[in-house]
Q: 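My questions all concern the structure below.
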Amino acid sequence: MLDLVSEKIQGAIKYIKGEGSITEKNIEKALRDVKLALLSADVNYKVVNEFIKRVKEKALGEKVITSVMPGQQFIKIFNDELTRILGEENKPLKIPSQIPSYLMLVGLQGVGKTTTAGKLALYLKKQEYNPLLVSIDLKRPAAQQQLETIAKEIGVDFLKIEEKDVKSAVSKIEKSVKAKGYHPIIVDTAGRLHIDDELMGELKEVKEKINPFEIMFVADSMTGADAVKSAQKFSEDIEFDSIILTKLDADSRGGAALSITYITQKPIKFVGTGEKYGKLDPFYPERLSSRILGMGDIVSLVEKAQEVIDQKEAERIAKKMAKKEFSLDDFLDNLKQVRKMGSLSDILAQMPKIPGMGKINKMAVDDKKIVHMEAILLSMTREERDNPVILNGKRRLRIAKGSGRPVSEVNQLLKQYREMKKIVKKGFFSKFTRMFDI
Ligand SMILES: Nc1nc2c(ncn2[C@@H]2O[C@H](COP(=O)(O)OP(=O)(O)OP(=O)(O)O)[C@@H](O)[C@H]2O)c(=O)[nH]1
Ligand SMILES: [Mg+2]
């Protein structure tokens, strides 16, 4: 998603870096491709114009800060402006304590309302809530069945509504809530191919009768500009509170993500990233912004790393690194830690592109390779790991045989170790580990 936008923005930053200064002429040139990429990603033209205008104004108005390179200044401006149009910061879903509390989902046909109702129920169940799933779609019996199947699959209670009017449906729900203490009640509603008065009338009636604490508009990101258009109309008619963008896993151009909040002035609270019920993530504007800028999703990476890295072990390595001592033993420990972090290619895809890191990224990307590296290191004696200079041809051959790997791999590992040591010597790694708070 948004790959082309990402590529062009990074190209613009590189170009400005190369120019060494920000002038009206080079800004104009740098932003031309960015503008085209945004438009071709289906970002709303109003958003594109405003974004380009603000980046330009800020870049030219910026005082020259001598300690900061123009490239870095430019990154900061892009980051601030992208985050701004994405909605500034994460707005969490807050469930009020009163009972009954209704959460209502609305949106056009097939956008993913029913699936998302299930995803939300699972998300809240994991947070110790006791949600109830209901569908107030009184015209289509199949709607009840679909939600019932989902509810069973995720182990959340479902209440079948066979009533023919909203009022009796609501009183049935309230009776059940009184008996079982459900909190909150997630209400799925009917969809239509296009917005029509009948649908809006129905939704307004439901809204009036249940008085929801939040109405979430579900939008299909694959429909791009159309998702934004329908959001605008729904926002005028129903006045929803927040947005859930679905199908962001699909090969969509991503324009909806960049336009919908700016156009409706309502926050995106979640994004759906797959058909499975666990595929619902809270939305963080600053994370998407840094991902577009190619800085990697540092926060998620840190969270993931913190989950698996042995804190004490990491501290010990970080300390040694800070002192610029780094033996083959440390190298081995480091590999073990890295392996614990799970699928490396996943993690490294989120890694920031920092000069000097490329070598480590490339080196560690293959999980199988790490197992081989460990085997080689474990075939060395303690003395050899402490003092690798003694590793002559004969010793290397022995290690190769012992680990079942070719001598060329032993040599390659020693070369990688030296590379890493060089980086450690430069003090870079201690900065890196500090950045990750380990
Ligand atoms: N890939 C992907 N598919 C999704 C996502 N969310 C929903 N879908 C799929 O979209 C299709 C429609 O989903 P529904 O939940 O039935 O949509 P709806 O809005 O309830 O549809 P109506 O009730 O007919 O208006 C289903 O095949 C879902 O599996 C998502 O985040 N990613
Ligand atoms: Mg549905």
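FYI, the numbering just counts along the sequence from 1. Whatever order the structure lists ligands and atoms in, that order sets their numbers, starting from 1.
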Q: Name the orientation class of the two ring planes belonging to Phe217 and Phe234 (parallel below 30°, tilted from 30 to 60°, perpendicular beyond 60°).
A: tilted
Q: Roughly how far apart are Leu133 CG and Gln144 CD, rounded to 0.5 Å?
A: 11.0 Å
Q: If you apply the rule side chain to side chain contact (heavy atoms under 4.5 Å, CB included), what do you find for Asp249 with Glu275, and how did you get there?
A: CA-CA 9 Å; Asp249 52 309; Glu275 293 191 59; 5.7 Å; no
Q: I need the nearest protein heavy-atom contact for atom 29 (O) of ligand 1: residue, atom name and distance, please.
A: Glu275 OE1, 2.9 Å
Q: What protein heavy atom sits nearest atom 18 (P) of ligand 1, and how far away is it?
A: Lys113 N, 3.4 Å
Q: Look at atom 9 (C) of ligand 1 and say which protein heavy atom is nearest, naming residue and atom and giving the distance to 0.1 Å.
A: Lys247 CE, 4.0 Å
Q: Under 3.5 Å between any N/O of Thr116 and any N/O of ligand 1: does that happen in this structure?
A: no
Q: For Thr114, take its heavy atoms, then give the atoms of ligand 1 lying under 4.0 Å from any of them.
A: 15 (O), 18 (P), 20 (O), 23 (O)
Q: Using atom types as modelled and distance alone, determine if a side-chain donor or acceptor of Ser221 lies under 3.5 Å from a backbone N or O of Leu245.
A: no
Q: Going by side chain to side chain contact (heavy atoms under 4.5 Å, CB included), Tyr102 matches just one of Ile186, Val170, Ile215, Val206. Which one?
A: Val170
Q: What is the closest protein heavy atom to atom 23 (O) of ligand 1, and at what distance does it sit?
A: Arg140 NH2, 3.1 Å
Q: Considering only heavy atoms, does Met222 approach ligand 1 within less than 4.0 Å through its side chain, its backbone, both, or neither?
A: neither
Q: Does an N or O anywhere in Thr115 fall below 3.5 Å from an N or O of ligand 1?
A: yes
Q: Which atoms of ligand 1 are found less than 4.0 Å from any heavy atom of Gly272?
A: 31 (O)
Q: Hey, are Asn26 and Tyr15 close enough side-chain-wise for a donor-acceptor pair under 3.5 Å?
A: no
Q: Nearest 0.5 Å, please: how far is CD1 in Ile268 from OH in Tyr284?
A: 14.0 Å
Q: How close does the nearest protein non-hydrogen atom get to atom 21 (O) of ligand 1, and which residue and atom is it?
A: Gly110 N, 3.0 Å
Q: Which of these, Asp249, Thr189, Leu248, has its nearest heavy atom closest to atom 1 (N) of ligand 1?
A: Asp249
Q: Provide the number and element of each atom of ligand 1 under 4.0 Å from a heavy atom of Gln109.
A: 24 (O), 25 (O)
Q: Under 4.0 angstrom from ligand 1, any heavy atom of Gly274?
A: yes
Q: Side chains of Gln10 and Ser6: any donor to acceptor distance under 3.5 Å?
A: yes
Q: Between the side chain of Thr261 and the main-chain N/O of Lys266, is any donor-acceptor distance below 3.5 Å?
A: yes
Q: What distance separates Lys8 NZ from Leu38 CG, expressed to the nearest 0.5 Å?
A: 12.0 Å
Q: Look at the N, O or S atoms of Gln146, main chain and side chain alike, and state whether any lies under 2.8 Å from the Mg ion (ligand 2).
A: no
Q: Would you mind running through ligand 1 and noting each atom that sits below 4.0 Å from a heavy atom of Gly191?
A: 25 (O)
Q: Any idea which atoms of ligand 1 are less than 4.0 Å away from a heavy-atom of Thr273?
A: 31 (O)
Q: Measure the spacing between NZ of Lys139 and CG of Asp137 and express it to the nearest 0.5 Å.
A: 8.5 Å
Q: Starting from atom 17 (O) of ligand 1, find the nearest protein heavy-atom neighbour and note its residue, name and distance.
A: Gly112 N, 3.0 Å
Q: Considering heavy atoms of the protein only, find what lies nearest to atom 16 (O) of ligand 1 and give residue, atom and distance to 0.1 Å.
A: Gln146 NE2, 3.0 Å
Q: Would you name the heavy atoms of Ser259 and Asp42 that are closest together and state the gap between them?
A: OG-O, 4.3 Å
Q: Answer side chain, backbone, both or neither: which part of Lys119 comes under 4.0 Å from ligand 1, heavy atoms only.
A: side chain
